[in-house]
2 protein chains.
Amino acid sequence: MGKAAHTTRRRILDAAEKLFAEKGFHGVSVREIARAADVDVALVNYHCGRKNDLFETVFLRRAEVLNRERLAMLNACRERAAPDPPELEDIIDAFTHPLLTRSARGGAGWRRYFALVAQVNNSPELAPIGMTRYFDPLVQQFIAAIREALPDARDEDIYWSYHFLSGALTLTFAQTGRIDKLSGGVCRSSDLASVHERLVPYTAAGFRRLCKPDKD
Amino acid sequence: MGKAAHTTRRRILDAAEKLFAEKGFHGVSVREIARAADVDVALVNYHCGRKNDLFETVFLRRAEVLNRERLAMLNACRERAAPDPPELEDIIDAFTHPLLTRSARGGAGWRRYFALVAQVNNSPELAPIGMTRYFDPLVQQFIAAIREALPDARDEDIYWSYHFLSGALTLTFAQTGRIDKLSGGVCRSSDLASVHERLVPYTAAGFRRLCKPDKD
DNA sequence: CTTGATTTTCATCAAACGTTGAAATAAGTT
DNA sequence: AACTTATTTCAACGTTTGATGAAAATCAAG
């Protein structure tokens, strides 16, 4: 594969990422992607296969680098705490920080990608294909770590807590700007630091409340 | 409008609701909806206008009865507590219970509808049209109530907390069944009572942790 | 420069898309 | 019953869809 081909392919993937994130899988045509990439229609098929393959490629491209870092952070906080179990806040941070920091400082490509993930995650049609395949294995590792951090917790509570965390995180990516309007400008979702410093304690408190039934 | 027409219209709306929820707005064709409703294609336009109108009608149909009840529950818990401010858990309950109970016991139509709402909520293209128009006014009332329940909290924290709650709730509707597999059968998302008894304390704890910085 | 592989262009395919007008039927009213 | 309105059927419109085969252009290597 020559150099020209490589950049063409990347232009197609970038355009596809942008449009898929904005309008969903079915909301975009291959021709529209080709036009946005300033490329002939046939080149999309030549470089990226059919529309389904193109979508999966777009989805996988950043998932790999993302989950590699998340796993590295999880292991790091594990080793840092050893032989004690890792701290809950650190686990949640390892889960969310690589995403939020890229959403804030990774450029428009990353921001669009997260919007795409949010859409896939909330789509009955796409979630079973994309999310379970590329993210669930990682999730299981995080669940295991949380189990260590909260040894008295019941599995059912842990899974549900994770589920709520996943929802809160996901919506943050999907709705860039909507909370800003709702709050009349008080919240700025572009300021991901302010999101992060709230999401972690919020969800950690939820985990603890659910998993340690101090009172009930 | 005669009786036959009324049932035809309802068959179309039901079919549209089901298919939109499964595959999204662009993932379904008008012809497909007509086929599922066992109705001629032209009848879709005759009874429900163009595809955009059909979608909005489907979206609005249940939103009205839903938000009416949510608002009633909010006012009820307000009056119950008066002159004291309402309890945070009661406010969250008023926000979530009408949804969760219908998802559990309202039948397949309601379950599909919530999946549709989840999709719309996480779509950059559809959220500004559907959610802000039909749900945001209600949300502002809940925000106001929470402000009373947590008088020391900063607005920014309240809005973000609401945002996380919205995400957790939304994903629950979108992913019926996925947490079940992820947890290896430990969680049963069909058992909405078990969701509800976790979601309320989880998010309430998050709210409190964020809005009352006891330690930091 | 020649040769062979890679990449791009161009034209086209059958199928499905949203929408509609006009004719046919059913329902409602006097 | 006659007449009007509401509903349903049927056929078709112009576009757009995803996909591809064959030719043209570009590139890599000897």
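Since the structure is predicted, the reported quantities are computational estimates derived from the model, not experimental observations. A note on names: the letters A, B, ... follow the listed sequences, proteins ahead of strands, and every chain is numbered from 1.
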Query raised in the report: Want to settle it: does A:F25 or B:L43 sit nearer the 5' end of DNA chain D, counting the closest nucleotide to each?
Result: B:L43

Report task. Sort out for me which residue in A:R11, A:R112, A:R61, A:R10 forms a salt bridge (charged side-chain N to carboxylate O under 4.0 Å, His left out) with A:E17. Result -> A:R61

Query raised in the report: Over how many whole Å does the gap from B:R31 atom CZ to C:dA16 atom C1' extend?
Result: 7 Å

Query raised in the report: C:dT9 C1' sits how many Å from A:D38 CG, rounded?
Result: 13 Å

**Report entry** Heavy-atom donor-acceptor pair, A:D40 side chain to A:A34 backbone, under 3.5 Å
**Finding:** no

Report task. Report the residue (B:V28 or A:A42) whose heavy-atom-nearest nucleotide on DNA chain C is the more 5′ of the two. Result -> A:A42

Requested in this report: Report the distance from atom CZ of B:R35 to atom C1' of C:dG18, rounded to the nearest whole Å.
Outcome: 14 Å

Query raised in the report: D:dA24 C1' sits how many Å from A:Y46 OH, rounded?
Result: 14 Å

Query raised in the report: When all nucleic acid strands are considered with a 4.0 Å heavy-atom cut-off, which category describes B:V39: base, sugar-phosphate, or nothing?
Result: nothing

Requested in this report: For A:H47 and C:dT9, give me the distance from atom NE2 to atom P, rounded to whole Å.
Outcome: 10 Å

Query raised in the report: Distance-only, no hydrogens or angles: does the A:Y162 side chain make a donor-acceptor pair with backbone N or O of A:F142 under 3.5 Å?
Result: no

Query raised in the report: Quick one: is D:dT20 close enough that its OP1 or OP2 comes under 4.0 Å of any side-chain N or O from A:R50?
Result: yes

Report summary line: Of B:F114, B:Y134, B:F20, the one forming a ring pair (Phe, Tyr, Trp, His ring centres under 6.0 Å) with B:F59 is B:Y134

Report summary line: note: B:H6, atom NE2; D:dT8, atom C1'; distance rounded to Å ~ 18 Å

Report summary line: note: A:N45, atom CG; C:dC13, atom P; distance rounded to Å ~ 18 Å

Report summary line: In whole angstroms, the gap separating P of D:dA22 from CG of A:D40 amounts to 17 Å

Query raised in the report: Is A:T8 near enough to C:dT7 that one of its side-chain N or O atoms lies under 4.0 angstrom from OP1 or OP2?
Result: no

Query - Closest heavy-atom pair and its distance - A:R198, B:W160 - result: CD-CD1, 3.4 Å

Query raised in the report: For C:dA16, does OP1 or OP2 lie under 4.0 Å from any side-chain N or O of B:S29?
Result: no

